[in-house]
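What follows is a short report on a single structure.
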Amino acid sequence: MAVIRSEKEERLPLPVGISDYRLASLEYYYVDKTMMIKEFLDERPMVSLFTRPRRFGKTLNMNMLRTFFEQTGEDTSAYFKDKKIWGCGKKYREYQGKYPVIFVTFKDVKFETWEETFAALKDVFSKEAYRHMELQDSGQCDAYDKRRFERILAGEVNEVELSGALADLSRMLHRHWGTAPIIIIDEYDIPIQQGYMSGYYGQVILFMRNLFSGGLKDNRHLSYGFLTGVPRVAKESIFSGLNNLAIYSVLDHKYSAYFGFTPEEVREMAAYYGGSDRYEEICEWYDGYRFGRTEIFNPWSVISYFHNECEPRSFWQSTIYSFLLVAGYLKPIKATVSFDGDFMCEVTLPNKEIAFVYNKEILQKLHHIIPPSAAVAVQEAIYSGDGARLQKQIQTLLTQSVSYYDTAGENFYHGFMLGLCALLGGCYTTSNRESGDGRYDIQLMPENDRLPGILIEMKAEKNCTEDGLKRLSKTALRQIKDKKYDMEMRAKGIAVIYRYGVAFCGSNVEVAVG
C-alpha cells in the first residue's frame, strides 16, 4: 500500500544517492548528524578512523566535516546555522571555516591492475591539487614546493613521489595559510580490497603504508586527520607506528549514533513522509544493526523504502560474505575481548533484508554444490529424525562437491553442516554457543512448537575405519547428552528434540541419532 500524500503538501525530496553535504542539507531531507562535530571537538584526537559498512553515511559525514572546517572564500556558516552544532555555543562555532582541508576519496579506485590503480590515484591527487591552485603562485612556498605541486597537478609523479603527496600538500598549505590543514581520506580501503581480489595486494599495501605514514604520522603540518573504511587493515600494519590514531569501529560506543539512522530519526522521517504506521515494517526489514550500544537502521535502505512508496524490498545487495561481520552486516549480540585485544563475537543476521540477501547472494549461488532438491531432502531427514536418510544425503553431497577430503579438518565439516542448516526454514540456527555444561556445535531452535528442536555435534578423524567412524558418531551423540546441550531448549519448553552425532572421515560420514 502506497503512502497517501496531499497534493498541496510539499515535502523535501529524499536524498537518494546524495553524499554532498551542502546539497543534502539545503535541498533534501537531511538527518542532522552535526553533533558529531561537537563530539570530536570535545576530545580532538589527532587522527580518527571510522570503520562502518558501505552505505551508512560515511562519505556524507566526511563531506560535512570538510564543509564545517574548511577555509574558503565563502561564508559556509549558512550550512550550519539551522543545525544542532550551531546551538552548542561560541567555542564550537569558532572552529568553523578556519582550516585548509585536503579531501580525497578512493571510492572509485576499482581497477584490475596496479598500473590502472596507480593512474587513478594520480588523478585523485591531481584533482585535489587543482582545488588548491593558490599554492601555484604562493609567496610562502619555495621553488622546491612549487615544483612538487606542479608534478602532482600534472599527474607526472612516480610512485615514490605520489606516496609523499599528503606530506607535500600539507606542508605547502601550512606555509601558505599559516594554519596546518585537516586531512580527510574517505574509503581508504577500496584500492586495498581491489588489490587483494585482483592480485596486486603487495604493491597497493606498500604504497598506502607510505602515503599514510607521510601524511598522518608525526606530521607537524597536520592539525587533524579523518579516515573512513569498512575494515581496519591490520595484518600488514598499514597504520604501523601511527600512535596518534583513534579507531572507532562498529563495536565502539563513541560516534555510534552518527553513521546510520537511530530509531528516533526513523520515526521522524516516517512521520514526515506520512508513514508513521509503517514503523514496525521498517524495523523488520532494516533495523537490527548495533553500533556500540546504539540501535541503528540501514540509512540507504530506509531512504530507498520511502522513495519506493513504502514497498519493502532488499535495496542492499552484492557483498562478499566473508566480510559480513567486519562490514557490519552481521549483528554482534555478544562481544568479549580476547587475550590479544581483538573481539570474540556471537553474531546473527540483523533483519529480513539481510536474510534475503544472504539467501540470494550466498546460498542460492551454491546451488551447483547444494541443489534445492538436496536441501529439501536434508531438511526432511533432519526434522523427521531419520538418521539413515540424513547420512545418505550428506554422503552424496560430500562426494559430489568437495575434492580435498584428506586435508579437511573438523572446522571444514562444521562449516559444511552449518551451511546446510542455514538453508532450513522455521528455526533459529546458532553455532558454538553455551548451553548446559559446554558449547554445542549447531542448534536449530524451532520458531514454533510444531517443529522439533535439533542439536548436532560433529567429530572428524583421518584414516578412520568404518567401525571407528560409527564409534566416533556415538561419541559425538553421547557428548550432547553428557554435556546437557539440550538445557536451553528444555528451558523454552521444546518437547521434541532430535540429537545427531555426526562423524566424518574424508568423504565418509556416519550419523547417530538419539
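Model, not experiment: these values are computed from the prediction. When reading the values below, keep in mind they use all heavy atoms of this one structure, side chains included, and skip hydrogens, waters and symmetry mates.
A salt bridge does not link Arg499 with Glu457: none of the charged nitrogens is closer than 4.0 Å to a carboxylate oxygen. Remark: Glu39 does not engage Lys254 in a salt bridge, criterion side-chain N to carboxylate O under 4.0 Å. A salt bridge links Arg22 with Glu74: at least one charged nitrogen is closer than 4.0 Å to a carboxylate oxygen. Salt bridge Glu264/Arg267: absent, no basic N to carboxylate O contact under 4.0 Å.
Test Tyr95, Tyr92, Tyr30, Phe68 against Phe80 for ring-ring contact (aromatic ring centres under 6.0 Å, His included) and you get one pass: Phe68. Exactly one of Thr228, Asp186, Asp20, Thr105 qualifies for a side-chain hydrogen bond (donor to acceptor under 3.5 Å, both in side chains) with Thr59. That residue is Asp186.
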Would you please test Tyr272 and Phe306 for ring pair (Phe, Tyr, Trp, His ring centres under 6.0 Å) and show each step?
CA-CA 10 Å; Tyr272 182 82; Phe306 287 114; 9.7 Å; no
May I have the step-by-step check of salt bridge (charged side-chain N to carboxylate O under 4.0 Å, His left out) for Asp189 and Arg54, ending in yes or no?
CA-CA 11 Å; Asp189 57 312; Arg54 303 280 179 234; 3.0 Å; yes
Begin with the C-alpha distance, continue with both residues' side-chain angles, and end with the deciding distance and a verdict on side-chain contact (heavy atoms from CB on, under 4.5 Å) for Leu455 and Tyr498.
CA-CA 6 Å; Leu455 284 164; Tyr498 291 129; over 6 Å; no
Step by step, work out the ring pair (Phe, Tyr, Trp, His ring centres under 6.0 Å) result for Phe40 and Tyr224.
CA-CA 10 Å; Phe40 164 74; Tyr224 307 108; 5.1 Å; yes
Evaluate the ring pair (Phe, Tyr, Trp, His ring centres under 6.0 Å) criterion for residues Phe291 and Phe56: first the C-alpha distance (whole Å), next the side-chain angles of each, then the deciding distance (0.1 Å), finally the verdict.
CA-CA 11 Å; Phe291 297 165; Phe56 269 72; 5.5 Å; yes
Using side-chain contact (heavy atoms from CB on, under 4.5 Å), reason through Ile494 and Met445 one step at a time and then give a plain yes or no.
CA-CA 9 Å; Ile494 307 300; Met445 179 73 74; 4.1 Å; yes
Tell me, with the steps shown, if Arg278 and Glu311 meet salt bridge (charged side-chain N to carboxylate O under 4.0 Å, His left out).
CA-CA 10 Å; Arg278 297 305 190 92; Glu311 291 287 339; over 6 Å; no
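Residues Ala257 and Ile296 approach most closely at CA-CD1, 4.3 Å, considering heavy atoms. Shown here for Glu265 and Gly260, the closest heavy-atom pair between the two residues is OE1-O, 3.9 Å. Shown here for Asp441 and Ile456, the closest heavy-atom pair between the two residues is CB-O, 3.2 Å. Arg131 approaches Glu134 most closely through the heavy-atom pair O-OE1, 3.9 Å.
Atom CD1 of Ile480 and atom CD of Gln443 lie 10.5 Å apart (nearest 0.5 Å). Going from atom OH of Tyr258 over to atom CE of Met36 covers 8.5 Å, rounded to the nearest 0.5 Å. Between the OG atom in Ser435 and the NZ atom in Lys484 there is a gap of 11.0 Å [rounded to 0.5 Å]. Between the CE atom in Met64 and the CZ atom in Phe69 there is a gap of 8.5 Å [rounded to 0.5 Å]. Here the OG-CG distance, from Ser213 to Leu166, works out to 10.5 Å after rounding to the nearest 0.5 Å. How far CZ of Arg93 is from CD1 of Ile37: 13.0 Å, rounded to the nearest 0.5 Å.
Between the side chain of Ser301 and the backbone N or O of Asn298 there is no donor-acceptor pair closer than 3.5 Å. A distance-only check finds no donor-acceptor pair linking the side chain of Asn308 to the backbone of Ser304 [under 3.5 Å]. Distance alone, capped at 3.5 Å, is enough to place a donor-acceptor pair between the Thr34 side chain and the Ile85 backbone. No donor-acceptor pair closer than 3.5 Å links the side chain of Glu295 to the backbone N or O of Pro263. With hydrogens and angles ignored, the 3.5 Å screen pairs a side-chain donor or acceptor of Ser256 with a backbone N or O of His253. The main-chain N or O of Ala381 is found under 3.5 Å from a side-chain atom of Ser384 such that the two form a donor-acceptor pair. Panel note: side chain Asn63, backbone Tyr21; a donor-acceptor pair is recorded below 3.5 Å. The main-chain N or O of Ser249 is found under 3.5 Å from a side-chain atom of Asp252 such that the two form a donor-acceptor pair. A donor-acceptor pair is defined here as one N or O able to donate and one able to accept, closer than 3.5 Å; such a pair exists between the side chain of Asn244 and the backbone of Leu216. Not one N or O on the side chain of Ser223 forms a donor-acceptor pair closer than 3.5 Å with the backbone of Ile182.
Residues passing the ring-ring contact (aromatic ring centres under 6.0 Å, His included) test with Tyr248 are Phe50, Tyr255, sequence neighbours excluded. His174 pairs by the ring-ring contact (aromatic ring centres under 6.0 Å, His included) definition with His221, not counting sequence neighbours. Qualifying ring-ring contact (aromatic ring centres under 6.0 Å, His included) partners for Phe111, counting only residues two or more places apart in sequence or in other chains: none.
Contact check for Met62 versus Phe103: side-chain heavy atoms found under the 4.5 Å cut-off. The shortest distance between side-chain heavy atoms of Val124 and Phe106 falls below 4.5 Å. For the pair Lys217/Val47, no side-chain contact is recorded, criterion being any heavy-atom separation below 4.5 Å from C-beta on. Two residues are said to be in side-chain contact when any heavy atoms from C-beta on lie closer than 4.5 Å; Val104 and Ile184 fail this criterion. Within the 4.5 Å cutoff, no side-chain heavy atoms of Ile183 are placed close to those of Phe226. In this structure the side chain of Ser170 reaches within 4.5 angstrom of the side chain of Ile102, judged on heavy atoms. Taking the side chain as every heavy atom from C-beta outward, Tyr305 and Cys310 approach each other to under 4.5 Å. Side chains of Asp486 and Tyr440 form no contact here, defined as non-hydrogen atoms less than 4.5 Å apart.
In summary, the aromatic rings of Phe297 and Tyr289 are positioned with their centroids too far apart to meet the 6.0 Å limit.
A donor-acceptor contact closer than 3.5 angstrom is absent between the side chains of Trp86 and Gln96.
Within a 6.0 Å sphere centred on NZ of Lys98, other residues, nucleotides and ligands contribute more than 12 heavy atoms.
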